[in-house]
Amino acid sequence: MRKRPVHVAVVGATGAVGEEMFKILAQREFPVGNLLPLASARSAGEKITWRGEEYEVEELTHDSFKNIDIALFSAGGSVSQEFAPSAAKAGAVVIDNTSAFRMDADVPLVVPEVNAHAIRNRPRGIIANPNCSTIQMLVALKPLHDAARIKRIVVSTYQAVSGAGKRAIEELSRQTQDLFSFRDVVCEKFPRQIAFNCIPQIDVFIENGYTKEEMKMVNETKKIMGDDSIRVTATAVRVPVFHAHSESVNVEFERPLSPDEARELLRSAPGVSVVDNPAAKEYPTAIDAAGKDDTFVGRIRKDESVENGLNLWIVSDNIRKGAALNAVQIAEKVLEEA
Ligand code: NAP
Ligand code: 3JM
């Protein structure tokens with residue numbers, strides 16, 4: 001595949017993730033041959049400009065994938081369920097950003113910094129991209145797990161509205177303006193007012209009282225780390241931030257790991273930047289991480305309530321490393337092996 005340009009389809013081309021996908025393909029000089037933007041009938045015919053050339057958005061159909069080498073899907077789980085098998089059947093390697101196939105045993109779930117090796121075994125021609133909150137947490141925790149073995153993770157997330165798509169970004173803007181103009185607030189994308197609020201619900205509730213988003217972090221972590229013994233509990237919260245998710249992560253290890261040792265390991269970890277000098281008010285925030293590729297880690301300190309515990313604050317751009325960048329990095333690994 002590496003010998004010639006790669007023909008790439010982007011499903012969900014007009015969405016928040018799809019648009020970032022185009023930026024990252026250009027920034028990383030991915031060897032794109034033909035580029036095919038796909039979306040629903042609603043935006044078919046729209047034009048997008050990529051690297052100075054105009055491309056027309058086409059309506060996604062089962063026949064969209066002739067001569068496509070790589071199909072990047074980010075148009076929702078039901079779209080992937082219906083159309084990803086057609087793309088794979090036509091010979092494309094599917095890299096799917098939705099939760100549709102993540103937990104299927106015959107679909108690898110990949111964060112390149114953590115388990116790039118898993119990419120090779122893809123009997124269905126589909127590789128799944130994990131949930132944004134899982135990706136950034138594991139980029140930071142993998143080197144610590146290798147050094148001291150994680151027993152248990154307690155995570156609370158502070159997730160940006162961009163994770164819920166373009167209309168969600170608009171909803172935070174509109175509600176903020178409405179409140180300052182003494183107009184009533186209208187909630188469409190979010191279950192409650194998001195402006196000046198925090199909502200402890202992302203995705204839907206399931207029988208155990210957790211949300212699906214929370215259980216994605218629990219289940220995906222075990223699969224990606226290849227270790228079912230890691231215990232994980234999560235609370236996922238939407239906050240009125242446009243870009244980048246923040247996470248408060250409490251980790252308990254088998255063996256002792258000091259904050260200094262953790263900082264040292266993280267300083268040389270791929271995809272990680274340590275920003276941790278509280279005396280100088282240096283710690284990562286969502287504003288700093290927005291538009292960047294790295295996962296930023298700070299506030300590294302001992303959990304004094306258990307034997308081998310650490311607390312960390314982990315921040316990353318959810319649309320870049322959490323979605324489009326991770327998918328393009330997977331595509332790069334696919335090309336490397338070809
Ligand atoms: P978005 O801004 O709402 O965009 C949705 C995209 O999907 C648009 O391009 C839309 O096209 C397209 N689409 C919707 N229904 C379609 C259909 N029936 N056929 C073809 N295209 C269709 O959402 P987003 O933030 O980009 O997210 C898209 C999806 O990516 C999410 O639903 C989620 O599954 C996944 N995602 C994953 C992560 C992650 O953590 N890995 C993060 C964010 C999102 P139109 O313009 O035609 O409506
Ligand atoms: C992030 O409509 C849908 O199926 C998409 C819901 C969604 C997901 C998902 O479950 O695929 C929105 C935002 C995700 C995700 O990454 O899990």
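We number each residue from 1, following the sequence as shown. As the structure lists them, so they are numbered: ligands from 1, and atoms in each ligand from 1.
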Look at [atom] and say which protein heavy atom is nearest, naming residue and atom and giving the distance to 0.1 Å.
| atom | result |
| --- | --- |
| atom 3 (C) of ligand 2 | Gly77 N, 3.5 Å |
| atom 8 (C) of ligand 2 | Lys216 NZ, 3.7 Å |
| atom 45 (P) of ligand 1 | Ser43 OG, 3.2 Å |
| atom 18 (N) of ligand 1 | Val79 CG2, 3.6 Å |
| atom 13 (C) of ligand 2 | Gly163 O, 3.4 Å |
| atom 13 (N) of ligand 1 | Ala75 CB, 3.7 Å |
| atom 8 (C) of ligand 1 | Thr14 OG1, 3.3 Å |
| atom 6 (C) of ligand 2 | Asp203 OD2, 4.9 Å |
| atom 10 (O) of ligand 2 | Ser99 OG, 2.6 Å |
| atom 40 (O) of ligand 1 | Cys132 N, 2.6 Å |
| atom 27 (O) of ligand 1 | Val17 CG2, 3.8 Å |
| atom 21 (N) of ligand 1 | Ser40 N, 3.2 Å |
| atom 25 (O) of ligand 1 | Gly165 CA, 3.2 Å |

Q | Best match, Gly165, Ala323, Gly76: closest heavy atom to atom 2 (O) of ligand 2 | A |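 The nearest heavy atom belongs to Gly76.
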At a non-hydrogen distance cut-off of under 4.0 Å, which region of [X] contacts ligand 1 (side chain, backbone, both, or neither)?
| X | value |
| --- | --- |
| Asn97 | both |
| Arg102 | side chain |
| Ala44 | neither |
| Pro130 | backbone |

Q) Between Glu170 and Lys189, is the closest basic N to carboxylate O distance under 4.0 Å? A)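 Salt bridge between Lys189 and Glu170, a charged N being under 4.0 Å from a carboxylate O: no.
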(Q) So that I can tick it off, tell me whether Asp293 and Arg320 are bridged by a salt bridge, with the cut-off set at under 4.0 angstrom between side-chain N and carboxylate O. (A)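 Salt bridge between Arg320 and Asp293, a charged N being under 4.0 Å from a carboxylate O: yes.
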Q) Per the side chain to side chain contact (heavy atoms under 4.5 Å, CB included) rule, which among Ile70, Asn129, Leu325, Asp96 passes with Ile330? A)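 One option only clears the test, and that one is Asn129.
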Q | Tyr158 ring center within less than 6.0 Å of His245 ring center | A |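 No, the ring centres sit 6.0 Å or more apart.
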Q. Would you say the side chains of Ser258 and Asp260 form a donor-acceptor pair under 3.5 Å?
A.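 Per modelled atom types, Ser258 and Asp260 side chains form no pair under 3.5 Å.
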Q. Is there a donor-acceptor contact under 3.5 Å linking the side chains of Ser273 and Asp294?
A.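 The answer is yes; a qualifying pair exists.
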**Q.** Sub-4.0 Å atoms of ligand 1 with respect to non-hydrogen atoms of Asn129
**A.**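 Those qualifying, in numeric order: 41 (N).
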Just by distance, do the side chain of [X] and the backbone of [Y] share a donor-acceptor pair under 3.5 Å?
| X | Y | answer |
| --- | --- | --- |
| Thr211 | Glu214 | yes |
| Glu171 | Glu188 | yes |
| Ser43 | Ala39 | no |
| Arg238 | Ala160 | yes |

Q.
I'd like to know whether Asn131 forms a side chain to side chain donor-acceptor pair (under 3.5 Å) with Glu213, so could you lay out the CA-CA distance, the side-chain angles of the two residues, the decisive distance to 0.1 Å, and finally the verdict.
A. CA-CA 8 Å; Asn131 179 256; Glu213 187 82 352; 3.2 Å; yes
Q: Let me see the working for Asp288 and Thr285 under side chain to side chain donor-acceptor pair (under 3.5 Å), right down to the final yes or no.
A: CA-CA 5 Å; Asp288 311 316; Thr285 73; 2.9 Å; yes
Q. Which atoms from ligand 2 have a heavy atom of Thr98 less than 4.0 Å away?
A.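 Near Thr98, meaning under 4.0 Å from one of its heavy atoms, ligand 2 has 11 (O).
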Q | For Asn131, atoms of ligand 2 separated by under 4.0 Å from a heavy atom | A |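 By the 4.0 Å cutoff, the relevant atoms are 15 (C), 16 (O), 17 (O).
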What about [X]: any of its N or O atoms under 3.5 Å from an N or O on ligand 1?
| X | answer |
| --- | --- |
| Lys166 | yes |
| Thr98 | no |
| Leu60 | no |
| Ala323 | no |
| Gly15 | yes |
| Ile319 | no |

Q: May I ask you to test the Phe73-Ile95 pair for a side-chain heavy-atom distance under 4.5 Å?
A: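 A side-chain contact under 4.5 Å is absent here.
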Q. Does the side chain of Cys132 come within less than 4.5 Å of Lys321's, by heavy atoms?
A.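 A side-chain contact is absent here, since even the closest heavy-atom pair is not under 4.5 Å.
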Q: For residues Val274 and Arg263, report the shortest heavy-atom separation together with the two atoms involved.
A: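 In terms of heavy atoms, the two residues are closest at CG2-O, 4.0 Å.
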(Q) Using a 4.0 Å heavy-atom cut-off, which part of Arg102 comes near ligand 2: side chain, backbone, both, or neither? (A)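 Contact part for Arg102 vs ligand 2: side chain (C-beta onward).
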(Q) Please work out, at 4.0 Å between heavy atoms, whether the side chain, the backbone, both, or neither of Lys212 comes within that distance of ligand 2. (A)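 Near ligand 2, Lys212 shows nothing, with every heavy atom at 4.0 Å or more.
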Q: Determine, stepwise, if the pair Val232 / Arg152 fulfils side chain to side chain contact (heavy atoms under 4.5 Å, CB included).
A: CA-CA 6 Å; Val232 185; Arg152 180 167 184 252; over 6 Å; no
**Q.** Stepwise side chain to side chain donor-acceptor pair (under 3.5 Å) test for Ser316 and Gln136
**A.** CA-CA 6 Å; Ser316 194; Gln136 68 183 65; 4.6 Å; no
